[in-house]
Amino acid sequence: MEHNSNSREHLVFTLGEEEYAIDILKVQEIRGFEPPTRIANAPPFILGVINLRGAIVPITDLRVKFAIGEPSYGEFTVVIILNLAGRVVGAVVDGVSDVIALTDNIVQATPDFGAAVDTAYIVGLAPMDEHMLILVDIEKLMTGREMELVADAAASAA
Amino acid sequence: MEVDLSKFFGAFFEEAEEHLASFESLLLGLDLNAPDSEDLNAIFRAAHSIKGGAGTFGFNDLAALTHILENLLDRVRKGSMAITPEMVDIFLRTGDVLANMVAVHRDGATPDLAGIATVQSALEALEHAAGEIPPDAPEAHVYVATLAPSPTDWRLNLRLDPAADTAALLASLANLGAITELARQHEGELLLLQLAIQSLDSGEDLRESLAFVLPSDRFELQSHHPEPTPPAAGSVATPPSSTASEGTDFGFFEDSPAQATEAFGFFEPLPAQTDAGASAGDTDYGFFEPLPSIAPDAPAGREGVDYGYLDAQAVKQAEAARQAEQAEAQAAAAKAAEASKLAEAAQHNRRAGDKGEAATIRVDVTKVDQLLNFVGELVITQSMLAQSASGLDPLLHTRLLAGIDQLQRNTRELQESVMSIRMIPMSTVFSRFPRVVRDLAAKLGKKVELRLVGEQTELDKGFVEKLVDPLTHLVRNSLDHGIESTETRVARGKPETGMLTLAAFQQGGNVVIEVRDDGAGLNRERILAKARENGLPLADGMTDQDVWMLIFEAGFSTAAEVTDVSGRGVGMDVVRKNIQSMGGSVEIESMSGFGSTMRIRLPLTLAILDGMLVGSGGETYILPLNAIRQSLQPVAEQCRTVNGRGRVVQVRNDYLPLIALHEVVGCTPKSSQPTEGIVMLIESGNQQMALWVDELLGQQQVVVKNLEANYRRVQGMSGATILGDGRVALIVDVSALARKA
């Protein structure tokens, strides 16, 4: 793996058929799925909260959020625990496949989909062998208003 | 009084340092081209809090300087003055000077008089540049006067080794001012040299310069008066030029440098003055002089002019003995300062490191939280072990089972003691207030009696620290705006002494702290008018409750003029902000003519909670045990509906609203009728209601964890906890249920 100044490591995970890449420095750990405690009146993609070594951590399901694939929860379901600006959040994905280094120059700008797809959280697209990786700014996504994970977002939604 | 308050000085110093640190970091992080108004507000609040605390504890020098600073910051924050890099520089320097002042008060460090003067004049220049003369900073001129003093005569007594290079020494001393040699004599091994120096520098500066060339026990500096002025009460009227040049007027900064200068002689007395006690009163060396000169009977308003010493003013001359003691202590402090100055001549502004370390340690709260988390995990592990061991044959595994029992006891004890680290009684907060109230009442000319209720209520340590500021604001507010003047009270047929009550108690899952006064109550019309003036959004027909909440909006103040008692409208929005940041809320109850109650409600975020585990739709929830009055399985006759929808339960003679927990949390209950489930009678505030759950699962002490750390506030839930099996259970917010009922 080559390290030059603008190469950063990314964690690749899958949602349905799509492959996504996020900055690995935001990832705290990867763990198996355990049923969370449901939170009343939370949106469907917030599955609930779990006990992560004494901390209460909310678990989101990105498959539900983006309506990709059929969410099923079994022993192979994976939760990526993210550490975003001091807050710990879990995200359920279909699978974690790889850690790769991406240089900025191979990342291409996201095409404009008009109103059909919200690309605000997508940094760009990158080719990887036969696949296409979707680079996501996970911090922007998770702390964004529509994830309803943060207090002021909730207040404005209420 | 002095003694009572001094135990809080440490807290104030620490707070002041924290405020100064955030003041500095905020200033440094400020984007000058587009300053964030939130940051400007925070900077302003830091200054404001220091001023408030300093005023409370009588550190008038701090209060005065911060006051000017605050005036400027207020203008910056309101946008009537643009912030420039130069201003940031001056503000930062002011921060340094304030830190120095704090060090002076705490450790008797050397006051940076030159720095104070520079900063003060710089701030004033800024204020004048803004085209406004500071209306309430008369004390400023005291400093300015020191900038152009006439040369003072000093007597310098040196004790030198005979081998010392006297000529070189004299040459270096000549830099300080005109030097005349008065006498030279040998005494034993030493050469005694008496010099006269005419210098523009203050005694403090001179001694500082001298400390670089000579050990402090080898020289002695006195101001030279042709005739020692006899101490006289009312000498405040002395022209400032004569006093200021010697630094007497600055007495406050180091419990009087002049005094320090002179008292210095006490410790290394000249042979003629070994009996310092006797000579103290009437010689130049007397450390009595500065104290009486402060004019014990000066009017209260004068302290701004003669700069401080509030407490000394209160001291009657009859207490001369006490003053002597005090003077001695101050002299000792001055001596200590000398010693430390010598040790760290280069960095004399550093505070002495060995001070302020009492039997307590200050530990980062996150460390305690971490400890608490580990203990929480230990508890879970322990209960897992106990669960797996419960299936074993007790006869075959006696020792294992005994060990598990022991582990359980140890774990519980450990948990309790870790918990108790964080819990401290409310009295630590309340006990500051008798003095605050007394001083404020005196200042405002009102008669107020303070009553403290529920001082033993335990509160999380983290809250206690954060509560002081808001509570001080509320108390000041009640005294200033709430309780009327004696005449008004008499005219209204009330007892002339106003009653201010500070009460703390636990209510359900909350700690409630109330500031009650029997004053005039809030004035609806005035609040509305003021809100309109400030452009706050107003709805027609607002309820009183909504109107009262307006006073918590930023920039709202009903006080017609800015006083140093209750600020300029930052108070209340800071109060609300601070309390919300703790996950709490503020409410106001007010009745015109009868008084008002400010109620702070804090959740037990990091407290232990005795909880009742209840099941609803297969999920587990926790109800605070202290809110539960009774649980029962109702019969069909007890359950009624109102309008076909609202349910009530009849318990004895009362119809209580029946809330279904499964409807609150949105799950499918196992029991289709209340008669199949359990109904808990719960109480919140003065409201009773019934809660329908599926089943009771048991009773357990739980560690309350807040959901906001990684998530956000969940409506209807006050927090979460981790159960014995490691799962998370949510804690029902009973007061939120009550609002729903």
Side-chain angles (χ1 to χ4, degrees), chain A residues 26-29 31-61 65 73 79-92 138-139 142-158, chain B residues 38 366 369-381 418 580-581 583 605-606 616-622 661-668 702-717 719-733 736-737 740:
Chain A
K26 308 279 186 217
V27 179
Q28 178 179 316
E29 63 188 277
R31 48 191 285 132
F33 179 80
E34 55 183 292
T37 300
R38 193 184 61 87
I39 292 174
N41 310 317
F45 52 85
I46 294 179
L47 301 179
V49 285
I50 60 160
N51 160 28
L52 184 70
R53 291 184 297 279
I56 310 280
V57 172
I59 301 295
T60 59
D61 192 332
K65 171 69 189 165
Y73 305 98
V79 183
I80 302 174
I81 305 290
L82 302 156
N83 197 324
L84 308 168
R87 297 168 80 93
V88 183
V89 180
V92 179
I138 193 73
E139 184 151 348
M142 285 299 189
T143 54
R145 188 153 282 200
E146 55 184 280
M147 283 310 276
E148 296 179 37
L149 280 167
V150 220
D152 51 348
S156 60
Chain B
E38 205 54 40
T366 55
D369 288 351
Q370 206 178 17
L371 189 60
L372 208 59
N373 280 340
F374 290 146
V375 172
E377 278 185 72
L378 183 65
V379 172
I380 293 160
T381 317
V418 172
Q580 283 177 342
S581 73
T605 315
L606 238 154
S616 185
E619 296 173 350
T620 306
Y621 291 90
I622 289 165
L661 183 58
H662 57 85
E663 284 172 12
V664 175
V665 302
C667 62
T668 323
V702 298
V703 185
V704 183
K705 300 195 171 265
N706 77 359
L707 284 162
E708 286 107 289
N710 293 315
Y711 186 49
R712 58 180 172 84
R713 219 177 148 70
V714 176
Q715 220 174 10
M717 300 293 149
T721 192
I722 295 167
L723 297 177
D725 58 3
R727 280 185 307 129
V728 178
L730 298 180
I731 301 167
V732 177
D733 182 354
L737 285 184
K740 220 168 206 152

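Chain A is the first sequence line, chain B the second, and so forth, proteins listed ahead of strands; every chain is numbered from 1. Both backbone and side-chain heavy atoms feed into the values below; hydrogens, waters and symmetry mates do not.
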Checklist entry - Near A:E139 CD, under 6.0 Å, is it more than 12 heavy atoms from other residues, nucleotides or ligands? => result yes

Checklist outcome for this item: Looking only at heavy atoms, the pair that brings A:R87 and B:E708 closest together is NH2-O, 3.7 Å

Next on the checklist: Please find the pair of heavy atoms, one from A:A40 and one from B:V714, that lie closest to each other, and give the distance.
Outcome noted: O-CG1, 4.2 Å

Item to check | Under 4.5 Å from any heavy atom of chain B - which part of A:I39 | outcome: both

Item to check | Proximity breakdown for A:L84 and chain B, heavy-atom pairs closer than 4.5 Å | outcome: neither

Next on the checklist: Within the structure provided, determine whether A:P35 and B:R727 are in side-chain contact (heavy-atom separation under 4.5 Å).
Outcome noted: no

Atom [atom1] of [X] and atom [atom2] of [Y]: how far apart are they, to the nearest 0.5 Å?
X	Y	atom1	atom2	value
B:M717	A:N41	CE	CG	8.0 Å
A:I56	B:L707	CD1	CG	6.5 Å
A:I59	B:Y711	CD1	OH	11.5 Å
A:R53	B:Q370	CZ	CD	11.5 Å

Checklist outcome for this item: Given A:T37, A:V49, A:V88, A:V57, the one with more heavy-atom pairs under 4.5 angstrom with chain B than any other is A:V88

